[in-house]
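Heavy atoms only: backbone and side chains are in, while hydrogens, waters and symmetry mates are out.
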Amino acid sequence: MKCGLLVTFSLLAMVAQPAWADIGRVKKTTGTASIERKGARVTPAVGTSLLPGDVLVTGNGGQIAVTFADNTRFSVGPNSRIAVDKFDFDRATRSGAFETRVEKGSLGVVSGQIAKSRRDAMKVRTPTSLLGVRGTRFIVNVPE
């Protein structure tokens, strides 16, 4: 009985994705780059986990490539500041919500499962616009 309960709770722990769980991972980084997380700076390396609320920051010549849990891919260009404001993904239904803010710089995106799940599930904000994304590839550039 105890063994059965232990297995059940272990399986539930593996399936459940709490709000603080990682939402993506850094795949590549070059030059000056950092992740701002709750007032602290994290130096990104291959495999570094991202959390909701993280801000990807690159300097002159810096770049960060990220793959998210829904297979969305980001390529953050030099001199950029990109905030991942919201990322909710249900692996079972392959749906959720994804909101990103491009404060400055450039962001290349190949959308994943969230954007394909329903209209306006993925949004990208800039200082002057709001993009609703639905299953596509695009680049956003916000000059300083």
Side-chain angles (χ1 to χ4, degrees), residues 5-144:
L5 286 174
L6 181 60
V7 169
T8 301
F9 285 122
S10 296
L11 289 173
L12 286 173
M14 289 183 344
V15 172
Q17 182 180 4
W20 48 264
D22 70 34
I23 60 173
R25 296 201 179 259
V26 172
K27 293 298 179 184
K28 183 179 178 184
T29 182
T30 59
T32 304
S34 64
I35 299 170
E36 294 180 0
R37 180 178 292 155
K38 297 181 181 178
R41 281 199 171 208
V42 176
T43 301
V46 173
T48 300
S49 295
L50 290 181
L51 304 175
D54 281 355
V55 179
L56 307 170
V57 181
T58 58
N60 193 19
Q63 295 181 343
I64 303 173
V66 176
T67 300
F68 289 89
D70 76 324
N71 205 31
T72 293
R73 290 172 289 175
F74 274 14
S75 180
V76 179
N79 298 314
S80 298
R81 184 173 174 84
I82 314 295
V84 181
D85 292 329
K86 181 178 184 179
F87 185 93
D88 294 318
F89 180 57
D90 183 328
R91 292 174 196 272
T93 63
R94 297 182 181 196
S95 63
F98 194 170
E99 293 183 20
T100 303
R101 189 170 16 101
V102 181
E103 295 176 8
K104 70 173 189 167
S106 61
L107 173 66
V109 177
V110 177
S111 61
Q113 295 171 345
I114 289 175
K116 296 170 184 152
S117 67
R118 67 178 168 76
R119 188 176 193 174
D120 294 331
M122 183 176 186
K123 297 176 184 174
V124 178
R125 296 182 187 280
T126 73
T128 58
S129 63
L130 171 64
L131 298 125
V133 179
R134 181 141 172 105
T136 189
R137 299 173 189 199
F138 61 94
I139 297 172
V140 177
N141 187 35
V142 177
E144 290 185 52

Practice item. Among residues two or more places apart or on two chains, list those pairs meeting ring pair (Phe, Tyr, Trp, His ring centres under 6.0 Å) that have a residue in residues 22-61. Key: none
Review point. Taking only residues at least two apart or on different chains, which pairs with a member in residues 42-64 satisfy side chain to side chain donor-acceptor pair (under 3.5 Å)?
Key: D22-S49, R25-S49, R37-D54
Practice item. Please report the C-alpha distance between K28 and V26 in whole Å, then the side-chain angles of each, then the deciding distance to 0.1 Å, and finally whether the side-chain contact (heavy atoms from CB on, under 4.5 Å) criterion is met. Key: CA-CA 6 Å; K28 183 179 178 184; V26 172; 5.9 Å; no
Check your understanding: Which pairs pass ring pair (Phe, Tyr, Trp, His ring centres under 6.0 Å) with one or both residues in residues 37-62, sequence neighbours excluded?
Key -> none
Name each donor-acceptor pair under 3.5 Å that joins a side chain in residues 64-74 to protein atoms two or more places apart or in another chain, with its distance.
unit_1 : atom_1 : unit_2 : atom_2 : d
D70    : OD1    : T72    : N      : 3.1
D70    : OD1    : T72    : OG1    : 2.9
D70    : OD2    : T72    : OG1    : 2.9
D70    : OD2    : Q113   : N      : 3.3
D70    : OD2    : I114   : N      : 3.0
T72    : OG1    : G112   : N      : 2.9

Review point. What distance separates T126 OG1 from L131 CG, expressed to the nearest 0.5 Å?
Key: 6.5 Å
Revision key, fill the gap. In short, S106 meets N141 closest at the heavy-atom pair CB-OD1, 3.8 Å
Exercise for review: Starting at CD1 of I35, measure out to CG of L50 and round the result to the nearest 0.5 Å.
Suggested key: 5.0 Å
Check your understanding: Applying salt bridge (Lys or Arg N to Asp or Glu O under 4.0 Å), which residue pairs with at least one partner in residues 111-125 are found, sequence neighbours left out?
Key -> none
Exercise for review: Would you mind reporting whether V109 and M122 have side-chain heavy atoms less than 4.5 Å apart?
Suggested key: yes
Revision key, fill the gap. In short, ring pair (Phe, Tyr, Trp, His ring centres under 6.0 Å) pairs touching residues 119-144 with sequence neighbours left out are none
Review point. Do S80 side-chain atoms and G77 backbone N/O form a donor-acceptor pair below 3.5 Å?
Key: yes
**Study point:** Stepwise side-chain contact (heavy atoms from CB on, under 4.5 Å) check, E36 with V57
**Key:** CA-CA 7 Å; E36 294 180 0; V57 181; 3.7 Å; yes
Check your understanding: Looking at CZ of R94 and CZ of F89, how far apart are the two atoms once the value is rounded to the nearest 0.5 Å?
Key -> 7.0 Å
Practice item. May I ask you to test the I82-T100 pair for a side-chain heavy-atom distance under 4.5 Å? Key: yes
Review point. Is any side-chain heavy atom of V140 less than 4.5 Å from a side-chain heavy atom of V124?
Key: yes
Practice item. Could you walk me through whether L107 and I139 pass the side-chain contact (heavy atoms from CB on, under 4.5 Å) test, one step at a time? Key: CA-CA 6 Å; L107 173 66; I139 297 172; over 6 Å; no
